[in-house]
There are 2 protein chains.
Amino acid sequence: MKNLITVSLVEDDLDICSSLAKLINNTNVFTCIHQYHDCQSGVEGIVKDPPNIVLMDIGLPDRSGIEGISEIRAKLPDLNIIVLTAHENDDYVFNALCAGASGYIIKEASTERILGAIHEVLNGGAPMSTQIARMVVKSFQRKNTTTLSPREMEVLNELCTGKSYKMIADVLFISEETVRRHLKSIYKKLHVSSKSEAVAKALKERLI
Amino acid sequence: MKNLITVSLVEDDLDICSSLAKLINNTNVFTCIHQYHDCQSGVEGIVKDPPNIVLMDIGLPDRSGIEGISEIRAKLPDLNIIVLTAHENDDYVFNALCAGASGYIIKEASTERILGAIHEVLNGGAPMSTQIARMVVKSFQRKNTTTLSPREMEVLNELCTGKSYKMIADVLFISEETVRRHLKSIYKKLHVSSKSEAVAKALKERLI
DNA sequence: GTATCAATAACCTAAACGGGTTAATTTCGA
DNA sequence: TCGAAATTAACCCGTTTAGGTTATTGATAC
């Protein structure tokens with residue numbers, strides 16, 4: 001008995017599920033240890049008996065596979081989850097990656113591609129089309145449509161580390177009053193009215 | 001004269017630069033309109049006369065190409081920039097993508113791959129290895145090592161929209177005092193001591 | 001079945017913050 | 001060279017926040 005890489009499936013279509021299991025068990029490196037047919041039992045089962053790799057449908061009947069991914073990753077942060085999807089370039093795929101998936105596989109893909117994707121994930125890769133990759137990359141590039149002055153940007157930067165007026169004044173070598181002055185201007189430009197709101201906006205829209 | 005797609009190069013190695021220019025000009029869809037050999041003149045020239053695509057070395061002599069990318073994107077947010085790099089899986093590549101690049105090309109790649117990558121970017125893709133893709137994906141997945149209670153998570157979520165105690169109390173149908181109570185607990189668990197600090201930590205470490 | 005924790009609520013006090021107003025100096029572009 | 005914008009600084013006043021203390025209820029765990 002070899003030391004096989006264990007795989008669990010979460011897929012409500014029984015035909016697809018069993019053919020995937022067969023495909024996996026026909027290799028001499030992978031073994032399918034569990035098949036779940038809904039999200040709830042999948043999450044519970046995987047947390048109880050974690051495999052090395054999970055293949056998970058995101059179009060499940062009871063609840064979104066996205067939530068399932070979040071839950072599993074909360075308990076098992078290092079488990080590699082690969083999303084099964086019917087259509088490429090789905091917004092679901094993007095959200096699944098945000099939730100913690102390591103890549104995705106089109107259900108209609110060839111057996112070589114499916115096994116290849118699993119290998120890729122195990123080797124630290126993230127199989128995805130360049131379109132999805134572009135969405136992912138774009139999502140953390142700053143948009144930069146605001147017109148904050150350089151000094152205001154510095155103040156905002158310090159603000160986003162959670163500093164008080166006094167602490168910001170100290171690191172920028174200006175008076176607390178001047179910090180307050182800049183903050184007023186920043187609030188006006190960002191259309192906010194408190195420190196936490198400014199921090200939230202700056203970090204969410206990647207202004208800093 | 002056809003309506004060619006214009007390309008500008010920023011590359012300090014004159015040999016590489018001219019052979020790339022030849023490669024580009026030998027196609028019947030691209031034309032190389034400018035060649036710059038350092039970052040500073042590249043940034044200035046590109047902003048003055050923007051091409052459709054920029055190929056940019058990130059190992060430039062005068063200053064980091066990463067900064068150059070940031071500057072160009074600040075002025076021309078929609079310009080597609082492709083990074084030229086000597087070695088794959090470089091941390092530089094990752095940072096370049098964060099700064100606004102749309103993909104990258106290994107200098108030693110075949111001519112087909114180079115032209116293919118340009119086409120890919122023009123078609124909305126982001127050419128990159130799955131290893132880099134994994135780095136990118138990981139960078140926005142939450143780590144979630146904290147132990148906030150469900151209710152505390154809800155409060156933190158509202159906090160991250162910039163709400164005051166009173167506003168949070170209203171949307172969660174609890175008293176302001178209870179919001180305050182949860183915040184105290186959250187501060188202790190996150191090791192922070194103000195709203196903006198909590199928001200910064202929550203957003204930066206993707207707790208929400 | 002009791003102990004621990006989550007969620008709810010209240011009060012007090014000092015510190016921090018937000019909005020309004022005014023003003024000097026510098027710097028940069030038209 | 002003149003004006004606009006940026007940076008610096010100060011004061012007042014009312015509101016919001018942070019930290020400390022105490023307490024009840026329900027659920028979960030051991």
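Order of the sequence lines fixes the chain letters, A, B, ..., with proteins taken first and strands second; residue numbering starts at 1 for each chain.
The interatomic distance linking A:Ile186 (CD1) with C:dG18 (P) rounds to 11 Å, in whole Å. When the P atom of C:dA16 is taken as reference, atom CG of A:Asp170 falls 12 Å away, rounded to whole Å. B:Leu172 has its CG atom 11 Å from the P atom of C:dA7, to the nearest Å. When rounded to the nearest whole Å, the span between CD1 of A:Ile174 and C1' of D:dA10 equals 14 Å.
Under 4.0 Å is where a charged nitrogen must lie from a carboxylate oxygen, and between A:Asp170 and A:Lys163 no such pair does. Taking a cutoff of 4.0 Å between a charged side-chain nitrogen and a carboxylate oxygen, A:Asp78 and A:Arg73 do not qualify as a salt bridge.
Here the side chain of B:Ser149 is nearest to one of C:dA7, D:dA9, D:dA6, namely C:dA7. For A:Arg151, whose side chain is taken as the heavy atoms from C-beta onward, the closest listed nucleotide among D:dA9, C:dT8, D:dT8 is D:dT8.
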Legend entry - Chi angles and distances behind the ring pair (Phe, Tyr, Trp, His ring centres under 6.0 Å) call for B:Tyr165, B:His182: CA-CA 10 Å; B:Tyr165 288 10; B:His182 287 309; over 10 Å; no
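Here the shortest heavy-atom pairing between B:Cys39 and B:Gly68 reads SG-CA, 3.9 Å.
Within the structure, a side-chain polar atom (N or O) of B:Ser175 is placed less than 4.0 Å from OP1 or OP2 of C:dA9. Taking side-chain N and O atoms only, B:His182 has a distance below 4.0 Å to OP1 or OP2 of C:dT8.
Side chains of A:Ser185 and A:Glu152: a donor on one and an acceptor on the other come within 3.5 Å. In this structure, a donor-acceptor pair under 3.5 Å is present between the side chains of A:Tyr104 and A:Ser129. At a cut-off of 3.5 Å, with distance as the only test, no side-chain donor of A:Lys166 or A:Ser164 sits close to an acceptor on the other residue.
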Which protein N or O atoms sit under 3.5 Å from an N or O of nucleotides 17-25 of chain D?
{"unit_1": "D:dT17", "atom_1": "OP1", "unit_2": "B:Lys195", "atom_2": "NZ", "d": "2.6"}
{"unit_1": "D:dT17", "atom_1": "OP2", "unit_2": "B:Tyr165", "atom_2": "N", "d": "3.4"}
{"unit_1": "D:dA18", "atom_1": "OP1", "unit_2": "B:Tyr187", "atom_2": "OH", "d": "3.1"}
{"unit_1": "D:dA18", "atom_1": "OP1", "unit_2": "B:Lys195", "atom_2": "N", "d": "2.7"}
{"unit_1": "D:dA18", "atom_1": "OP2", "unit_2": "B:Tyr165", "atom_2": "OH", "d": "2.2"}
{"unit_1": "D:dA18", "atom_1": "OP2", "unit_2": "B:Tyr187", "atom_2": "OH", "d": "2.8"}
{"unit_1": "D:dA18", "atom_1": "N7", "unit_2": "B:Arg180", "atom_2": "NH1", "d": "2.9"}
{"unit_1": "D:dA18", "atom_1": "N6", "unit_2": "B:Arg180", "atom_2": "NH1", "d": "3.2"}
{"unit_1": "D:dG20", "atom_1": "N7", "unit_2": "B:Lys184", "atom_2": "NZ", "d": "3.0"}
{"unit_1": "D:dG20", "atom_1": "O6", "unit_2": "B:Lys184", "atom_2": "NZ", "d": "2.4"}
{"unit_1": "D:dT21", "atom_1": "O4", "unit_2": "B:Lys184", "atom_2": "NZ", "d": "3.2"}

Show each protein N/O and nucleotides 2-4 of chain D N/O combination with a separation under 3.5 Å, one pair to a line.
none

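Only one option out of A:Leu23, A:Thr31, A:Val29 pairs with A:Thr27 in a side-chain contact (heavy atoms from CB on, under 4.5 Å); it is A:Val29.
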